[in-house]
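These notes are about the structure you will find just below.
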Amino acid sequence: MESIQVIIIGAGPGGTSAAIRLAQNGFKVALIDRAMPVGSKNLSGGVLWGNDLAEILPEWQEEAPIERHIINKKVGFLSNDDSTVLDFNFNEWNSKPYNGVSILRAKFDDWLASKASEAGVAVLSGITIDSLIIENDQIKGVRQGNEELRADIVILAEGANPRLMLKHGLSFKGQKQFKRKDMMLGIKEVLTIDQKLLEERFLLEKDQGIAGEFVLGNIPGGIKAGGFFYTNKSTISLGVVIHLDSFPEDKASSAQHRTYKVQEYFKNHPYISRLIKDSTSIEYGAKLIPEMPIDRFPNFYGNGYLIVGDAAGFVFSNGIVIQGMNYAIKSGILAADTIIEANGNYSATKLAMYQKKLSNSYILKDFKKFKNVKKMTKNSKLFEIYPKAINTGFKEVFNTNGKSKNHAYKVILKSFKNSGMGFLSLLKDSSKIRRI
Amino acid sequence: MEVINFDIKNKIGVTSWETDSHENAHIVVNGNICKNCPHHLCIAGCPTECFKFYENEMVFQYEDCVECGTCDIMCDQGAVSWNNPRGTYGVKYSQG
Ligand SMILES: Cc1cc2nc3c(=O)[nH]c(=O)nc-3n(C[C@H](O)[C@H](O)[C@H](O)COP(=O)(O)OP(=O)(O)OC[C@H]3O[C@@H](n4cnc5c(N)ncnc54)[C@H](O)[C@@H]3O)c2cc1C
Ligand code: SF4
Ligand code: SF4
């Protein structure tokens with residue numbers, strides 16, 4: 001293990017993409033992950049959107065363990081028993097390069113790590129890094145127990161629960177713990193179902209898949225959450241994303257509310273329960289999802305280190321989509337490019353180049369542009385009022401009840417008004433929604 | 001709805017773990033602090049119900065933990081000390 005130039009902590013899509021790019025440019029890289037095999041600690045919804053991986057693996061859509069390519073997207077509003085679901089079909093999504101593919105992380109991450117090995121990366125799995133070696137304000141390597149491994153620079157790709165960053169004060173303002181308002185919890189199950197039944201039920205031909213995302217207006221106690229399902233080959237990934245700051249801070253509520261019950265409310269909604277009928281749960285898991293606004297991101301670089309992916313806060317969610325893997329891959333590649341161009345000078349001053357690369361890429365542009373959307377997902381009306389108002393409104397439009405019909409938009413507006421939403425705040429919100 | 005009395009422990013049987021010994025538990029909870037906790041948010045937050053408040057005592061068991069980190073965030077009272085499990089130990093997803 002002599003003369004390692006770059007140590008990367010975390011073999012998720014962020015760390016492994018950085019490793020591949022570096023190895024392709026002749027760097028000696030150690031990629032370290034606490035899971036054995038790689039991927040067995042990781043969990044996503046998960047649809048990998050976009051084609052960033054092609055920058056390092058042009059043929060990835062041919063080789064990767066892809067479950068299905070997404071041709072149909074549903075966006076829905078669920079209230080207690082009712083639902084309004086928009087159904088988007090884009091024929092272009094049916095041809096390569098696919099716009100989005102469903103994947104399962106245990107298989108996908110292991111495959112990506114095997115690509116890193118092929119490129120010459122030393123992949124060390126089953127090792128939890130306990131601490132960083134910091135000398136003269138510069139990160140020099142990593143420690144596990146009594147053992148040390150040194151390198152010229154370290155990439156932190158620890159994911160959403162970055163213990164090393166928290167421990168060494170590299171998080172936002174050196175905080176040792178995240179705030180509830182800055183994190184969501186994702187809970188996910190994998191449900192197995194007969195493949196033919198799945199394809200018939202979801203109107204899919206071979207290898208085609210669906211991504212469904214929902215605003216949940218049916219969770220009691222004011223708890224804010226979204227739900228998702230994605231079709232795999234012969235399983236369905238189904239889960240919820242819960243705002244941790246929406247739990248009331250008192251013992252009586254805590255005796256009653258549970259994050260895992262949110263998943264049950266989602267599964268038991270009539271729209272969803274019909275779709276997952278005759279399926280069986282084969283895995284249950286949970287993971288954090290960063291939700292901090294751009295002004296609470298950590299510094300992305302410092303003397304001897306760069307931060308990529310979830311650890312840097314790069315997850316985009318607006319109550320309707322969750323995207324993180326593409327940002328992880330892209331930031332991993334940009335971190336690698338920074339190291340390549342830094343020419344052996346890994347001082348913070350030189351590494352500031354990484355910030356510039358992030359700003360010029362879609363990553364920081366997205367987070368800047370959608371700053372207000374993040375606030376929108378904290379708006380309780382999105383969860384408590386909109387789903388019900390939309391569903392009640394459309395029900396009145398479509399119900400044949402012996403009364404004379406009214407213009408649809410009037411009915412929907414009335415339904416919003418009845419739910420206590422003033423016209424002005426509706427306008428204010430809709431100007432935010434337009435940015436989604 | 002049947003959700004009210006739903007028992008999560010019946011569900012997590014499908015997930016796999018490689019459980020480390022008690023002295024290597026990756027999360028330690030200082031139950032004395034819990035007695036005066038104003039909110040018990042760890043209980044509401046944990047997706048596998050590792051926290052239970054029973055006869056004025058916090059009972060924590062790390063075995064069913066999926067290492068999400070939620071309890072560390074829910075607890076603003078300083079009772080949770082959170083570490084990654086030792087390498088290879090802990091939850092092991094086969095799907096993810
Ligand atoms: C329920 C849910 C649904 C999601 N759905 C989607 C989706 O559909 N599409 C999408 O794009 N994104 C989705 N995301 C977000 C996505 O999972 C993340 O953005 C993505 O995994 C981030 O990649 P990463 O490489 O930064 O971190 P991770 O994938 O989390 O990888 C971090 C790695 O670091 C390792 N590690 C951590 N600490 C140490 C240590 N001290 N020593 C050694 N190894 C360590 C871990 O084992 C892990 O392998 C979802 C997330 C959740 C929770
Ligand atoms: S939130 Fe913290 S102090 Fe309160 S009960 Fe839970 S672990 Fe104990
Ligand atoms: S890390 Fe997550 S699963 Fe583990 S005890 Fe804490 S809240 Fe529960």
Side-chain angles (χ1 to χ4, degrees), chain A residues 34-36 39-44 46 104-109 125-130 144 160-161 163 177-180 182-183 185-190 232 235 237 242 244 247-251 253-261 263-265 268 280-288, chain B residues 1-18 20 26 34 36-49 51-53 64-78 80-96:
Chain A
R34 65 195 189 89
M36 171 101 106
S40 60
K41 296 266 182 207
N42 295 348
L43 171 158
S44 281
L104 291 161
R105 293 287 302 277
K107 297 173 208 172
F108 187 84
D109 289 15
S125 62
I127 296 173
T128 301
I129 299 301
D130 304 323
Q144 191 254 320
N161 185 13
R163 306 315 300 186
Q177 205 182 7
F178 287 104
K179 304 263 179 301
R180 291 200 279 276
D182 287 341
M183 282 289 172
L185 176 65
I187 292 183
K188 178 199 173 182
E189 270 175 272
V190 178
N232 304 315
T235 59
S237 292
I242 307 164
L244 291 178
F247 285 83
E249 290 184 34
D250 64 80
K251 282 194 215 176
S253 304
S254 294
Q256 211 182 328
H257 299 312
R258 294 288 180 276
T259 47
Y260 60 77
K261 285 187 186 173
Q263 169 84 342
E264 296 310 304
Y265 280 110
N268 282 313
T280 315
S281 179
I282 55 167
E283 193 166 87
Y284 174 90
K287 196 179 86 161
L288 288 175
Chain B
M1 205 185 252
E2 62 268 43
V3 172
I4 308 280
N5 294 314
F6 175 77
D7 185 358
I8 186 67
K9 298 291 178 187
N10 292 334
K11 177 182 272 187
I12 58 180
V14 293
T15 301
S16 309
W17 279 265
E18 198 170 315
D20 208 345
H26 61 293
C34 303
N36 299 317
C37 175
H39 54 60
H40 289 179
L41 276 173
C42 56
I43 301 178
C46 179
T48 54
E49 192 131 308
F51 292 79
K52 274 206 164 116
F53 204 69
D64 294 338
C65 172
V66 290
E67 300 153 36
C68 63
T70 303
C71 50
D72 184 43
I73 294 171
M74 291 310 228
C75 182
D76 48 16
Q77 309 287 311
V80 173
S81 84
W82 208 107
N83 288 294
N84 282 314
R86 296 195 296 163
T88 75
Y89 286 104
V91 70
K92 220 166 206 164
Y93 296 127
S94 63
Q95 309 288 318

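Residue numbering restarts at 1 for every chain, and letters A, B, ... go by the order of the sequence lines.
- Within the 4.5 angstrom heavy-atom criterion, only side-chain atoms of A:Glu189, from C-beta onward, approach chain B.
- Contact annotation for B:Pro38: only backbone heavy atoms (N, CA, C, O) come within less than 4.5 Å of a heavy atom of chain A.
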Item to check | Audit row: B:Ile73, A:Met183, side chain to side chain contact (heavy atoms under 4.5 Å, CB included) steps and yes/no | outcome: CA-CA 8 Å; B:Ile73 294 171; A:Met183 282 289 172; 3.5 Å; yes
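- Taking CZ of A:Arg258 as the reference point, atom CD of B:Glu49 lies at 5.0 Å (rounded to 0.5 Å).
- Residue contact with chain B, scored on non-hydrogen atoms closer than 4.5 Å, involves the backbone of A:Asn42 exclusively.
- Interface remark: A:Gln263 contributes side-chain atoms only to the contact with chain B (heavy atom separation under 4.5 Å).
- We find the SG-CZ distance between B:Cys75 and A:Arg180 to be 9.0 Å, quoted to the nearest 0.5 Å.
- Between chain B and the residues A:Lys261, A:Lys287, A:His257, the most heavy-atom pairs under 4.5 angstrom are made by A:Lys261.
- Closest of all the heavy-atom pairs between B:Gly45 and A:Thr259 is O-OG1, 2.7 Å.
- Under the 4.5 Å side-chain criterion, counting only non-hydrogen atoms from C-beta, B:Cys46 is not in contact with A:Tyr260.
- Using a 4.5 Å cut-off on side-chain heavy atoms (C-beta onward), A:Glu283 and B:Ser94 make contact.
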Could you list the donor-acceptor pairs under 3.5 angstrom formed by side chains in residues 81-92 of chain B, with sequence neighbours left out?
residue : atom : partner : partner atom : Å
B:Arg86 : NE   : B:Asp20 : OD2          : 2.8
B:Arg86 : NH2  : B:Asp20 : OD1          : 3.0
B:Arg86 : NH2  : B:Asp20 : OD2          : 3.4
B:Lys92 : NZ   : A:Met36 : O            : 3.1
B:Lys92 : NZ   : B:Glu18 : OE1          : 2.9

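- Within the 4.5 Å cutoff, no side-chain heavy atoms of B:Asp72 are placed close to those of A:Phe178.
- Contact record, B:Met74 with A:Phe247: CE-CD1, 3.9 Å, taken as the closest heavy-atom pair.
- Contact count versus chain B (heavy atoms, under 4.5 Å) is highest, among A:Ile127, A:Leu244, A:Ile187, for A:Leu244.
- Every residue meeting the ring pair (Phe, Tyr, Trp, His ring centres under 6.0 Å) condition with B:Phe53, not counting sequence neighbours, appears here in chain and number order: B:His40.
- Atom OG of residue A:Ser254 and atom CG of residue B:Leu41 lie 4.0 Å apart, to the nearest 0.5 angstrom.
- Contact of A:Ala35 with chain B is not made at all, since no heavy-atom distance falls under 4.5 Å.
- Judged purely by distance below 3.5 Å, without hydrogens or angles, the side chains of A:Thr235 and B:Gln95 never pair a donor atom with an acceptor atom.
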Checklist entry - What's the verdict on side chain to side chain contact (heavy atoms under 4.5 Å, CB included) for B:Cys68 and A:Leu185, showing C-alpha distance, side-chain angles and the deciding distance? => result CA-CA 8 Å; B:Cys68 63; A:Leu185 176 65; 4.0 Å; yes
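- Only the backbone of A:Ser44 comes within less than 4.5 Å of a heavy atom of chain B; no side-chain atom from C-beta onward does.
- Note: B:Ile12 CD1 to A:Tyr284 OH = 8.0 Å, rounded to the nearest 0.5 Å.
- For the pair B:Tyr93/A:Leu43, a side-chain contact is recorded, criterion being any heavy-atom separation below 4.5 Å from C-beta on.
- Atom CD1 in B:Ile8 sits 6.5 Å away from atom CD in A:Glu264 (nearest 0.5 Å).
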